[in-house]
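Got a structure for you, written out below as structure tokens; questions coming shortly.
Remember, it's 1-based here, ligands and their atoms both numbered in the order they're listed.
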Amino acid sequence: MSKKENGREKEESLQQDHWNMNFYASGVEVLNSVGCGICVCSSDDKLLFANEKFCEFFYGRIDGKNVKRCLFRALENGKKNSGELYIKEAERWFDVHRTEICWLDQRMVELYTIYDITEIKRYQQKIEKQVNNDFLTGLYNRMRCEQDLEEQITRTKGNGGKGALLYMDLDDFKHINDGLGHQYGDVLLRAISHSLQRISGIESNCYRMGGDEFIIIVTDSKFAMLDKILADIKEIFEKPWFLKGADYYCTMSMGIARFPSDGDTVQELIKKADLALLEAKKAGKNRYEFYNEESEGASFKRLDLEKNMRNATMNACDEFEVYYQPIVDVSKPDNPCMGAEALIRWNCESLGFISPAEFIPLAEYLGLINPIGDHVLRQACSHCKKWNDSGHPEYKVNVNLSVVQLLRNDMADRVREVLEETGLNPWNLTLEVTESLAINDMTRMKQILGQIKKLGVRVALDDFGTGYSSLNHIREMPIDVIKIDRCFIEDLGQDEFADAFVRIVCELAAVIGMNVCVEGVEYQRQYEILKNMQIQMIQGFYFDKPMRAEEFEKKYV
Ligand code: C2E
Ligand code: MG
Ligand code: MG
């Protein structure tokens, strides 16, 4: 080969190298400008190439040696060719793909491409959260509860463990909602949810089922902590909540069903915990009850009660009869009758006679107290109008109002309509209300009672001494009559406190121009003691029991 030829060949080869290098350089430039990370690893786990994006994704987080191991893990230890990778430190997710290619030196190597899918992932999580979480409180919702419960039941059945379902309902939440407004009800629900989630052992197993109902699942790994969990939940409700400038107490009732012993399906467990919850409500609220089979009979009766009550309410309330218990005027000679308190009785066709103490709380709970209460009001007003027209224009009738009715926006309108309908003189109607903790919002209470009083109707404070009444409150409240509860009368003559309480309330009432009515007088000795105090009205078995309207009319009209 001539020198000249040799030189040309060298030049050509140099040109080729130069061209190769240029090609390589622009190839790298191309790879650096794509949006995904690219790397090439040799079979002995060396990083042969990584584009800029790849370095950016991994920079400072995974050193060269670990890259392959990390990618490999995302592919389920190399079993798959694509998978997902989460880099905790950067809080980012990546889609990882692997293919084999032939490298520059003809070796077979692995090419990895990774795509940042963090935004998609976050969006997905947001959607999942919306599907699984309750918008107001951020707790998981009913759907998620049922899913988790199903899973827990299967697990405990599989490993022979135990778990519990706690079904919780706030007591008289409606009063707070109606009394203070929904926005404060919401604040309370959020605060309660927050406190629940901070209880150790149930952090991620609290669910809001809707309204003021919550479920808590105690999983088998936490079942040994059940007593402590119950105590912690109880503690939340022992302190007041600061709402709208005042302290409010809110209690809860709870029913507990254990799985799998009480049931091994989602529906059955929720139903049984709910039955136990209603037992807790019936036993006086602010407590928890465990589901037990013996009370199931009673619970079924309750379900029956509910069904029958709905039917009775739909059928024009025919089964509800209003009885009347005379109230006598002991400030006049011979203690004449001055009217009566209307007391509802339910003569249920299929369940027999049911006392108001048993069904009124349920009617309140079911929201049926409004139609039932309207029925009592109408009956009582029309009966009293009849007595007034039959020679006793001074007879008055007392009608009990539940707090639920009292907080109705249209209660005053309803009373006005019934007065117009029956033609009763408003002065002869007294509405009995009880104090409720939930309406320690005096402004609201005064406003509602004020509207009622504007109609000319009188207001009595029932069961005085048993609730949260403070003597100071009665001065502020627009009331005409204080009804001292039976429990003080029972102890009259035997307990100095009871004697002093009745005397002081009577003296105080006289000073502020209110009347006192004493309830539950059964014996002569009680009557004798009361006669010496400034009392105008007495109601009790000593004088007469509650009776049907016809009987009352025969005896007193
Ligand atoms: P309340 O308003 O305090 O009514 C007085 C209760 O004491 C009545 O019980 C009455 O029968 C009973 N009682 C009266 N005198 C005596 C006595 O000398 N000794 C004893 N041991 N008891 C006496 P009742 O009729 O069973 O009603 C219980 C409660 O149910 C009532 O207490 C009231 O809170 C509620 N209630 C009754 N009717 C209605 C109604 O129409 N609407 C509402 N919301 N509640 C009602
Ligand atoms: Mg009453
Ligand atoms: Mg009473």
Check this for me: does any side-chain nitrogen of one of Asp499 and Arg503 sit under 4.0 Å from a carboxylate oxygen of the other?
no
How close does the nearest protein non-hydrogen atom get to atom 26 (O) of ligand 1, and which residue and atom is it?
Pro356 CG, 3.5 Å
To check your reading of the model: name the closest protein heavy atom to atom 1 (P) of ligand 1, its residue, and the distance in Å.
Asp462 OD2, 3.7 Å
For Gln325, the ligand 1 atoms whose distance to one of its heavy atoms is below 4.0 Å:
10 (C), 14 (C), 15 (N)
Are Lys285 and Asp171 ion-paired here, with the side-chain N under 4.0 Å from a carboxylate O?
no
Checking a contact table here: which protein heavy atom is nearest atom 19 (N) of ligand 1, and how many Å away?
Glu522 OE2, 2.6 Å
Distance from atom 38 (N) of ligand 1 to nearest protein heavy atom, with residue and atom
Ile344 N, 3.1 Å
Taking only non-hydrogen atoms of Asp463 and a 4.0 Å limit, the atoms of ligand 1 in range are 3 (O)
Polar atom proximity, Ala342 to ligand 1 (N or O, under 3.5 Å):
no
Is the closest side-chain heavy-atom distance between Val459 and Lys453 below 4.5 Å?
yes
One finds that the ligand 1 atoms under 4.0 Å from a non-hydrogen atom of Val521 are 18 (O)
Could you tell me which atoms of ligand 1, counted from 1 in the order shown, lie closer than 4.0 angstrom to a heavy atom of Val376?
41 (O)
Can you list, by chain and residue number, the protein N, O or S atoms under 2.8 Å from the Mg ion (ligand 2)?
Glu341 OE2, Asn400 OD1, Glu432 OE1, Asp462 OD2
Under a 4.0 Å N-O cut-off, is there an ion pair linking Arg525 with Glu528?
no
Salt-bridge test for Lys271 and Asp274: reply yes if a basic N is under 4.0 Å from a carboxylate O, no otherwise.
no
Which protein heavy atom lies closest to atom 16 (C) of ligand 1, and at what distance to 0.1 Å?
Phe541 CE2, 3.3 Å
Within the structure, is a non-hydrogen atom of Gly373 found at a distance of less than 4.0 Å from ligand 1?
no
Tell me whether ligand 1 is touched by Gly520 - counting only heavy atoms on the residue side and a distance under 4.0 Å.
yes
Quick one: does ligand 1 sit under 4.0 Å from the side chain of Lys545, the backbone, both or neither, non-hydrogen atoms only?
neither
In ligand 1, which numbered atoms sit nearer than 4.0 Å to a non-hydrogen atom of Pro546?
11 (O)
Which label fits Trp241 and Phe237: parallel for a plane angle under 30°, tilted from 30 to 60°, or perpendicular past 60°?
perpendicular
Do the ring centers of Phe359 and Phe320 come within less than 6.0 Å of each other?
yes
Would you mind reporting whether Lys483 and Leu461 have side-chain heavy atoms less than 4.5 Å apart?
no
N or O contact, Arg486 vs ligand 1, cut-off under 3.5 Å
yes
The closest protein heavy-atom partner of atom 44 (N) of ligand 1 is Ser402 N, 3.5 Å
Suppose we measure from atom 5 (C) of ligand 1 to each protein heavy atom; which comes out shortest, and what is that distance?
Glu519 OE2, 3.4 Å
Taking the minimum heavy-atom distance to atom 4 (O) of ligand 1, which of Leu401, Ile538, Leu343 ranks first?
Leu343
Measuring from the heavy atoms of Lys483, does anything fall under 4.0 Å of ligand 1?
no
As an exercise, identify every atom of ligand 1 less than 4.0 angstrom from a heavy atom of Gly540.
15 (N), 18 (O)
Strictly under 4.0 Å, does any heavy atom of Arg345 approach an atom of ligand 1?
yes
So for Val399 against ligand 1, with non-hydrogen atoms under 4.0 Å, the contacting part is neither
Per-atom filter on ligand 1: closer than 4.0 angstrom to a heavy atom of Glu341 are 1 (P), 2 (O), 4 (O)
Charged N to carboxylate O under 4.0 angstrom, Asp374 versus Arg378?
no
Tell me which protein heavy atom sits closest to atom 42 (N) of ligand 1, plus the residue, atom name and distance to 0.1 Å.
Asn400 O, 3.5 Å
Counting only pairs under 3.5 Å, give me each side-chain donor-acceptor contact of residues 542-557, with atom names and distances, residues two or more places apart or in other chains.
| unit_1 | atom_1 | unit_2 | atom_2 | d |
| --- | --- | --- | --- | --- |
| Tyr542 | OH | Gln524 | OE1 | 2.7 |
| Asp544 | OD1 | Lys555 | NZ | 3.3 |
| Asp544 | OD2 | Lys555 | NZ | 3.0 |
| Asp544 | OD2 | Tyr556 | OH | 2.4 |
| Arg548 | NE | Glu321 | OE2 | 3.0 |
| Arg548 | NH2 | Glu321 | OE1 | 2.8 |
| Arg548 | NH2 | Glu321 | OE2 | 3.3 |
| Glu553 | OE1 | Lys386 | NZ | 3.0 |
| Glu553 | OE2 | Trp387 | NE1 | 3.0 |

